[in-house]
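Whatever order the structure lists ligands and atoms in, that order sets their numbers, starting from 1. Since the structure is predicted, the reported quantities are computational estimates derived from the model, not experimental observations.
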Amino acid sequence: MTLFRLDASIREEGSASREIADIVVDEWLSVHPGDAIERRHIGIDVLPADAWPHAVSAMYLPESERSPEQKSAVALAAALLDELLNADAIVLAVPLYNFGVSQHMKTWIDLIITDPRAGAGAPPVLAGKNVVLCTVRGGAYGAGTPREGWDHSTSYLRRILADVWGAELTVVEREFTLVGVNPALDSFTDAAAAMHQEARAAAQQAGKALAVVG
Ligand SMILES: Cc1cc2nc3c(=O)[nH]c(=O)nc-3n(C[C@H](O)[C@H](O)[C@H](O)COP(=O)(O)O)c2cc1C
């Protein structure tokens, strides 16, 4: 079986989203040892920012009239969608950046939606497929906090993955990853440690479930 893993963090060392996704992948591999893990690191191997406009304009032209840039953007969008379609299960590791998703994550989603197989009127591309979204935030945005509602990433990702693409979605969240990094957050050390442990446990549980259902 094939697990597809996407990482959207712009760093590799010390990445909290990768740590959580690693736990899910380890649980998967304990049930499917030796199986393929297909990976894409959109925070490091960045998708070209102009691919999306080229792919969109290509939609209105017959193939024979498309520019080399448009052809290449259409091929990239197809390759990104193929990675999802070919996977038996999917893990996404996505940090919160500037209260939303990064340009890299948005480009990835936007490009996939340009493919006719994922566009308006097409059946949901992830219908019935199990997806674990591992998302992390430097701050905390829970009910009653000063910035409640400022996380504009997680709800958007739920909307796309579950509502638009039809995935069977599990979300594992970790907050306060900047505690211990930003001294202004030192008073939250205990709360952050508890959140870290809870996220690790939730990732383990999500990974076990993913490995069983595939
Ligand atoms: C450029 C940048 C913008 C960020 N914006 C936010 C933000 O708006 N809210 C927040 O809670 N954390 C923010 N963070 C913190 C990250 O969400 C946090 O460091 C997270 O752990 C990053 O994921 P990673 O550990 O997998 O790299 C930001 C970090 C960077 C580098």
**OP:** For F99, take its heavy atoms, then give the atoms of ligand 1 lying under 4.0 Å from any of them.
**Re:** 7 (C), 8 (O)
**OP:** Within a distance under 4.0 Å of any heavy atom of R137, pick out the atoms of ligand 1 and give their elements.
**Re:** 11 (O), 17 (O)
**OP:** Group every Ile, Leu, Val, Met, Phe, Trp and Tyr by side-chain heavy-atom contacts under 4.5 Å, then state whether V56 and V74 land in the same group.
**Re:** no
Original post:
Are the charged groups of R174 and E19 less than 4.0 angstrom apart, N to O?
Top reply: yes
**OP:** Just need the protein heavy atom nearest to atom 12 (N) of ligand 1, so name the residue and atom and give the distance.
**Re:** G138 N, 3.1 Å
Original post:
Tell me: protein heavy atom nearest atom 27 (O) of ligand 1, and distance?
Top reply: S9 OG, 2.6 Å
**OP:** If you have a sec, work out which protein heavy atom is nearest atom 17 (O) of ligand 1 and how many Å separate them, to one decimal?
**Re:** L96 O, 2.7 Å
Subject >> Residue, atom name and distance, where the atom is the protein heavy atom closest to atom 29 (C) of ligand 1 >> reply: Y97 CD2, 3.7 Å
Subject >> Verdict with supporting geometry, D26 and K208, salt bridge (Lys or Arg N to Asp or Glu O under 4.0 Å) >> reply: CA-CA 9 Å; D26 286 349; K208 282 187 198 303; over 6 Å; no
Original post:
What part of L178, side chain from CB on, backbone N/CA/C/O, both or neither, has a heavy atom under 4.0 Å from ligand 1?
Top reply: side chain
Original post:
Purely on distance, is any nitrogen or oxygen of R18 under 3.5 Å from one on ligand 1?
Top reply: no
Original post:
Is K71 salt-bridged to E63, going by a charged N under 4.0 Å from an acidic O?
Top reply: no
**OP:** Within a distance under 4.0 Å of any heavy atom of Y141, pick out the atoms of ligand 1 and give their elements.
**Re:** 7 (C), 9 (N), 10 (C), 11 (O)
Original post:
Which residue supplies the protein heavy atom nearest to atom 26 (O) of ligand 1, what is that atom called, and how far is it?
Top reply: S17 OG, 2.5 Å
Subject >> Ion pair check, R159 and D163, cut-off under 4.0 Å >> reply: yes
**OP:** Give the atoms of ligand 1, by number and element, whose distance to some non-hydrogen atom of V136 is under 4.0 Å.
**Re:** 17 (O), 20 (C), 21 (O), 23 (O)
Subject >> Y141-W150 aromatic ring centre distance below 6.0 Å >> reply: no
Original post:
N/O to N/O below 3.5 Å, does that happen between P95 and ligand 1?
Top reply: no
Original post:
Charged N to carboxylate O under 4.0 angstrom, R5 versus D22?
Top reply: yes
Original post:
Would you call R40 and E83 a salt bridge, using N to O less than 4.0 angstrom?
Top reply: yes
Subject >> Contact partition for T177 relative to ligand 1, non-hydrogen atoms under 4.0 Å >> reply: side chain
Original post:
atom 4 (C) of ligand 1: which protein heavy atom is closest, and how many Å away?
Top reply: N98 N, 3.6 Å
**OP:** Check whether any side-chain heavy atom of W108 sits under 4.5 Å from a side-chain heavy atom of L92, and report yes or no.
**Re:** yes
